[in-house]
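Chain identifiers are assigned alphabetically (A, B, ...) following the order of the sequence lines, protein sequences preceding nucleic acid strands; residue numbering begins at 1 within each chain.
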Amino acid sequence: MFTVFKLQITYRLLCILFISLGLSACSVAPWERGNLSKPQMALDSHPLQTGFRGHVYGSREATTGSTVGAGGGCGCY
Amino acid sequence: MKLSPSICLTVAFCLLFVEQAFSIEVGDSIPSCVLNKINKPKDVVNLDQYKGQVIYLDFWASWCGPCVKSFPYMNDLEKEFKSKGLQVIAVNLDENIDDAYGFLEKVPANFMLVQDANQQCAKDLELKAMPTSYLIDRKGVVRHIHLGFRSGEVGDMQSLLKQLLSN
């Protein structure tokens, strides 16, 4: 009785595993990417500006070592 | 022999990926694609009717950046090799055909433009990138496949094209 129950659980888990893995097999074909390539679909709508801000932030915060933790720097600009 | 459910599931799962293995490669015959002319959608074009000619088959879409760069090249091909037996066919794969019309207003195209409305040809060929161009010889066999477009990469293709045209 116990082994049958255990087998059922294993079977169900396998089902879930295969179905969830199968979801990734549904791919978008290269010719279907017209809508995905629109600018409003980009994760970052202003990549140049983000890069520039990152650079400014990085150079000004460099003295503190990282974005977290107490800083030991001068705090100067 | 009794098959356990998990084995059946494993086989079914593996079958999901089998379809991806059958794409058209160099040396394969081109499937007979049925396409429609872009400015006269009722005019049907079948790739079979160009057997005996060398075909440069290009798949493009309005949203595809490198496709813009490939158009002047295809204009040159048409101008230089049409009289020698080359047929340039550019297949549009836009989901909305108006996007293609907008693109063609900005980019001049002096070669045959067709659309693959239900994308069957793209599915049959299993396109891997946009744009993709196929060079097909007079017997209907794929001789060269080029993924993407960079103007510096056309040299090998062009020498093969000249060789195919002289056959």
(Q) So A:Leu48 and A:Phe52, do their side chains get closer than 4.5 Å, heavy atoms only? (A) no
Q.
Please check: side-chain N/O of B:Asp116 versus main-chain N/O of B:Ala122, any donor-acceptor pairing under 3.5 Å?
A. yes
Q: Could you tell me whether a side-chain N or O of B:Arg143 sits under 3.5 Å from a main-chain N or O of B:Gly27, the two making a donor and an acceptor?
A: no
Q.
According to side chain to side chain donor-acceptor pair (under 3.5 Å), does anything in residues 158-167 of chain B pair up with another residue at least two apart or in another chain? List the pairs.
A. B:Tyr73-B:Gln158
Q. Can you list every side chain to side chain donor-acceptor pair (under 3.5 Å) pair that touches residues 36-45 of chain A, not counting sequence neighbours?
A. A:Asn35-A:Lys38, A:Asp44-A:Thr50
Q: Indicate whether any N or O donor in one side chain lies under 3.5 Å from an N or O acceptor in the other, for B:Lys69 and B:Ser151.
A: no
(Q) Between A:Gln8 and A:Thr10, is there a side-chain donor-acceptor contact under 3.5 Å, judged purely by atom types and distance? (A) no
Q. Does B:Arg138 CZ have over 12 foreign heavy atoms under 6.0 Å away?
A.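 Yes, CZ of B:Arg138 has more than 12 neighbouring heavy atoms, counting only those of other groups under 6.0 Å.
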Q. So which bits of residues 78-113 of chain B come within less than 4.5 Å of chain A, counting non-hydrogen atoms only?
A. B:Leu93, B:Glu95
Q. Could you name the residues of residues 43-66 of chain B that have a heavy atom within less than 4.5 Å of a heavy atom in chain A?
A. B:Trp63
Q | OG-NE2 distance between B:Ser133 and B:His144, expressed to the nearest 0.5 angstrom | A |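 Rounded to the nearest 0.5 Å, the OG-NE2 separation comes out at 6.5 Å.
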